[in-house]
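All heavy atoms count here, side chains included; hydrogens, waters and symmetry mates do not. Just so it is clear, the structure is predicted and the values come from calculations on it, not from any experiment.
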Amino acid sequence: QAQLVESGGGLVQPGGSLRLSCAASGSIGFITTMGWYRQTPGNQRELVATITRGGERTNYADSVKGRFTISRDNAKNTVYLQMNSLKPEDTAVYYCNCQSLGRGTTWGQGTQVTVST
């Protein structure tokens, strides 16, 4: 079955960097858009960044513009999120998302990112 496998989360100091990876596999269909979302306890899941299949368009939340960069490798069905200048308010569970023709939306299991001293 379709699966999104994430890696790269962890603990980092304010001002530090992390790189998240998410690889899609299985019967996930023809992927169009991939992206990252995040959620803290008691709050709604919010968009962080998305990217179209060919990288023609990217979309970022205002809170991460200039600090985060999304990219993808279609040969590997993988999306990345480079996170620089991390702030404590970036602390959240980060979820990989995949939009595909005939399969709709698929979510990863989530990976914890903690920004703290």
Legend entry - Side-chain donor or acceptor of Tyr60 paired with backbone N/O of Thr50 under 3.5 Å: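 Not confirmed, Tyr60 side chain does not pair with Thr50 backbone.
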
Legend entry - Among Val64, Thr91, Val12, Thr114, the one residue meeting side-chain contact (heavy atoms from CB on, under 4.5 Å) with Leu86: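 When Val64, Thr91, Val12, Thr114 are each tested with Leu86, the side-chain contact (heavy atoms from CB on, under 4.5 Å) holds only for Val12.
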
To the nearest 0.5 Å, how far apart are [atom1] in [X] and [atom2] in [Y]?
{"X": "Cys98", "Y": "Asn77", "atom1": "SG", "atom2": "CG", "value": "7.5 Å"}
{"X": "Cys22", "Y": "Leu4", "atom1": "SG", "atom2": "CG", "value": "4.5 Å"}
{"X": "Ile51", "Y": "Arg72", "atom1": "CD1", "atom2": "CZ", "value": "6.5 Å"}
{"X": "Arg57", "Y": "Thr33", "atom1": "CZ", "atom2": "OG1", "value": "7.5 Å"}

Legend entry - Asn97 side chain reached by Thr105 side chain, heavy atoms, under 4.5 Å: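 Result yes, sub-4.5 Å side-chain heavy-atom pair found.
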
Inset, instruction - Taking the side chain as every heavy atom from C-beta outward, state whether Thr40 and Val93 have any pair of such atoms under 4.5 Å apart. - result: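 No. Closest side-chain heavy atoms not under 4.5 Å.
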
Inset, instruction - Answer yes or no on whether Arg53 is positioned over the face of Phe30, meaning its NZ or CZ is under 6.0 Å from the six-membered ring centre and within 45° of the axis. - result: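 Yes, a cation-pi geometry holds between Arg53 and Phe30.
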
Legend entry - Trace of the salt bridge (charged side-chain N to carboxylate O under 4.0 Å, His left out) decision for Asp90 with Lys87: CA-CA 5 Å; Asp90 294 318; Lys87 305 174 181 180; over 6 Å; no

Inset, instruction - Let me see the working for Glu46 and Gln39 under side chain to side chain contact (heavy atoms under 4.5 Å, CB included), right down to the final yes or no. - result: CA-CA 6 Å; Glu46 65 177 4; Gln39 187 172 23; over 6 Å; no

Inset, instruction - Return yes if a side-chain donor-acceptor contact under 3.5 Å exists between Asn84 and Ser17, otherwise no. - result: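 Side chains of Asn84 and Ser17: pair found under 3.5 Å.
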
Legend entry - Under 3.5 Å side-chain donor-acceptor pair for Tyr94 and Arg38: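 Side-chain D/A pair, Tyr94 to Arg38: present.
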
Inset, instruction - Determine whether more than 12 heavy atoms belonging to other residues, nucleotides or ligands lie under 6.0 Å from atom CD of Gln44. - result: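 Atom CD in Gln44 is not crowded, with 12 or fewer foreign heavy atoms closer than 6.0 Å.
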
Inset, instruction - Would you check, one step at a time, whether the test side chain to side chain contact (heavy atoms under 4.5 Å, CB included) holds for Leu20 with Thr111? - result: CA-CA 9 Å; Leu20 305 183; Thr111 184; 4.3 Å; yes

Inset, instruction - Go through Gln99 and Thr32 one step at a time and tell me if the side chain to side chain donor-acceptor pair (under 3.5 Å) criterion holds. - result: CA-CA 6 Å; Gln99 303 279 1; Thr32 54; over 6 Å; no

Inset, instruction - Verify whether the ring centers belonging to Trp36 and Phe68 lie closer than 6.0 Å. - result: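 When the ring centroids of Trp36 and Phe68 are compared, they turn out to be at least 6.0 Å apart.
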
